[in-house]
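Note sheet for the following structure.
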Number of protein chains: 2
Amino acid sequence: MSGARSRTRRAILSAAASVLARDRTATLPAIAEAANVGRTTLHRYFPDREALIRETIKDSAEVVSRSVQDAAPHEGPPLEAFRRVITAFVDVGDRLMFLFGDPRLLESRGPTSQPIAPGDPVLDLIRRGQAEGVFDPELSPFWIRSVVWSLVYTGCEEAANGNLPRHGVVSTVLRTLENGITRTPARSS
Amino acid sequence: MSGARSRTRRAILSAAASVLARDRTATLPAIAEAANVGRTTLHRYFPDREALIRETIKDSAEVVSRSVQDAAPHEGPPLEAFRRVITAFVDVGDRLMFLFGDPRLLESRGPTSQPIAPGDPVLDLIRRGQAEGVFDPELSPFWIRSVVWSLVYTGCEEAANGNLPRHGVVSTVLRTLENGITRTPARSS
DNA sequence: CCGGAATGGAACGTCAAAGTTCCATCTTGG
DNA sequence: CCAAGATGGAACTTTGACGTTCCATTCCGG
């Protein structure tokens, strides 16, 4: 694959994730325009809408997965690793909002498929945190993971709407995740 | 408006919220079938899709708002009132998932419109809780409200997917909201 | 500089959803 | 019981996205 093709393909996938994150009913022409390519070109790379969605999911999953791996979730104290992971998530907020914006997206593609992080390092991190007595052992690791996604998603949304400064997303999400919404009762860190 | 018309209208609005919550691209025939009415009847009540969506939002907002008011958020200790509100939210989970499932829904309808709870009692409750030293005063009330919606939504979703027992949603969401995901360090209740 | 690759635009056919009309049937209040 | 209202089904037109084809133009590596 030539350099041009590779570049065009990435541009389309990136634009698709971004546009579809905000409106999953976005038309193909709209996506093509966002990617600065003609509608014809889009069809040349992805025969139909279904293929585009499928490839965009795959690509976004890879981007997110790589971002998480770079955060080295299995190294260091759980809370610190956790902070790195959250930061990584926020950095790829667009892809995350695309992947989790549509509840049906991740279900409808293959049974028990785990598009995000095969062998999910985040789940491992959560379990490790519980084993070391840092995370609440009474909450299911799956629930905790859902909460993490949910709050990161909400943080990105608030930032997108201007209700929260970009740089404040990570700290706000982290504070909420660690303490909930109640006043912090001077805990032994 | 006769009794029959009123009943049919409610059935359509309820079905629309339920179906659209799971798939916002659902067709009108699908909604009509879910409401047990003919497609013709649906068009008789709502001229076009736009009108149906608009009225469904309005109706769902009223249902949620009434549910919150019944929870008496301004009475009693903030934490207890808060528990009642969360329970009320989960009870109308279908409507909530419809209202917040699409980020564009609440933005695109009227500028600065606050379809949910005009004069929002939930915000008042949050502010009261902060004033009384129960809720974290460093988090924005708007952020806290978003977190509440987000976690209730996630809880309903997990329940819908069978990952969480119906009756456990409220307690799990509450525990997470109050403590976050970290181990609870024997706090003075 | 050149030839193939890549792109964009225009035009066309296809198709499903949306919206409309008409009429037969059923329900219901008086 | 009866008439007005409410409903459902069938058939039709319209609309817009989708997918395809063809060709002119631009880009880029050799």
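All heavy atoms count here, side chains included; hydrogens, waters and symmetry mates do not. Residue numbers begin at 1 in each chain, while the letters A, B, ... track the order of the sequences.
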### Task
Would you jot down, in residue-number order, the residues of residues 33-40 of chain B having a non-hydrogen atom under 4.0 Å from DNA chain D?
B:Asn36, B:Val37, B:Gly38, B:Arg39, B:Thr40
### B:Arg7 CZ - D:dA6 P separation (whole Å)
11 Å
### Task
Take the protein atom CG of A:Leu52 and the nucleotide atom P of D:dC18, then report the distance between them rounded to whole Å.
10 Å
## Note on the structure
B:His43 atom NE2 is separated from C:dA17 atom P, nearest whole Å, by 13 Å
#### Entry: Pairwise distance CD(A:Glu157) to CG(A:Asn161) - rounded to 0.5 angstrom
6.0 Å
### Minimal non-hydrogen separation, A:Gln130 against A:Pro141, with atom names
OE1-CG, 3.7 Å
### Task
To the nearest Å, give me how far apart CZ (B:Arg5) and C1' (D:dA4) are.
13 Å
### Query
Any sub-3.5 Å donor-acceptor pair from B:Thr182's side-chain atoms to A:Glu178's backbone N or O?
yes
#### Entry: Pairing of A:Asp70 and A:Arg84 as salt bridge, 4.0 angstrom limit
no
### Query
In this structure, which one of B:Arg95, B:Arg10, B:Arg66, B:Arg9 forms a salt bridge (Lys or Arg N to Asp or Glu O under 4.0 Å) with B:Asp59?
B:Arg95
### Task
Check DNA chain C against residues 18-32 of chain B and give the residues with a non-hydrogen atom under 4.0 Å, in numerical order.
B:Thr27, B:Leu28, B:Pro29
#### Entry: Any side-chain donor near an acceptor of the partner, A:Ser171 and A:Arg175, under 3.5 Å
no
#### Entry: Atom pair CZ/CD1 of A:Phe82 and B:Ile181 - distance to nearest 0.5 Å
3.5 Å
#### Entry: Separation of atom CZ in B:Arg9 from atom C1' in D:dT7, rounded to whole Å
17 Å
### Summary
One would report the end-axis bend of the helix from C:dC1-D:dG30 to C:dG30-D:dC1, five pairs per end and rounded to 10 degrees, as 40°
### Summary
On DNA chain C, more 5' by nearest nucleotide between B:Asp48 and B:Arg44 is B:Asp48
### Message
I need the minimum non-hydrogen distance between A:Leu125 and A:Pro73, along with the two atoms involved.
### Response
CD1-O, 3.5 Å
### Query
Is there a side-chain polar atom (N or O) of B:Tyr45 under 4.0 Å from OP1 or OP2 of D:dT7?
yes
### Task
Determine whether B:Thr56 and B:Phe46 make a side-chain contact, defined as any pair of heavy atoms from C-beta on separated by less than 4.5 Å.
no
### Task
Tell me whether the OP1 or OP2 atom of C:dA6 has a side-chain N or O from A:Thr41 closer than 4.0 Å.
no
### Query
Do B:Ser150 and A:Ser150 have side-chain atoms, one donor and one acceptor, less than 3.5 Å apart?
yes
### Task
Mind calculating the distance between CG (A:Leu42) and C1' (D:dT21) to the nearest angstrom?
17 Å
### Query
Can a side chain N or O of B:Thr8 be found less than 4.0 Å away from OP1 or OP2 on D:dA6?
no
### Message
Strictly below 4.0 Å, N to O, side chains only: are B:Arg24 and A:Asp102 in salt-bridge contact?
### Response
no
### Task
Grab the CZ-C1' distance between A:Arg10 and C:dA6 for me, whole Å please.
16 Å
